[in-house]
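Structure first, then comments.
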Amino acid sequence: MSHIKSDFEKDIRFLTSYAERKAGTPSAKTSAKQAITLKGNMARAMSRHFARCPECG
């Protein structure tokens, strides 16, 4: 579970930092939206894992 979370968090940090560095540009806005979407994807993936994993659930 920590492996799943760390991979998602790494991608979210990358997209968020890019959006902060390039603030105001169309690509920064896209990166910020992708980071928000990725947070939802992470929540769904962790929820599915928790529901199916015999060790975590």
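Side chains included, hydrogens not; waters and symmetry mates left out as well; all remaining heavy atoms used. For reference, positions follow the sequence shown, starting with 1.
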Exercise for the section: Might you point out which heavy atoms bring A28 and Y18 nearest each other, and give the distance in Å? Expected result: N-CE2, 4.3 Å
Practice task
Taking the side chain as every heavy atom from C-beta outward, state whether T30 and Q34 have any atom pair closer than 4.5 Å.
Solution key: yes
Handout entry: Closest contact, heavy atoms only, I4 versus A45
Key = CG2-CB, 4.4 Å
Practice task
Have a look at F8 and tell me which of K39, R13, M42, H3 forms a side-chain contact (heavy atoms from CB on, under 4.5 Å) with it.
Solution key: M42
Completion exercise
Rounded to the nearest 0.5 angstrom, the CD1-CG distance for I12 and D7 is 11.0 Å
Problem - Spatial distance of atom CG (L38) from atom OG (S31) [nearest 0.5 Å] - result: 11.0 Å
Practice task
Quick one: pull up CZ in R21 and OG in S27 and give me the separation to the nearest 0.5 Å.
Solution key: 10.0 Å
Practice task
Look up atom OG in S17 and atom CZ in F14, then write down how far apart they are to the nearest 0.5 Å.
Solution key: 6.5 Å
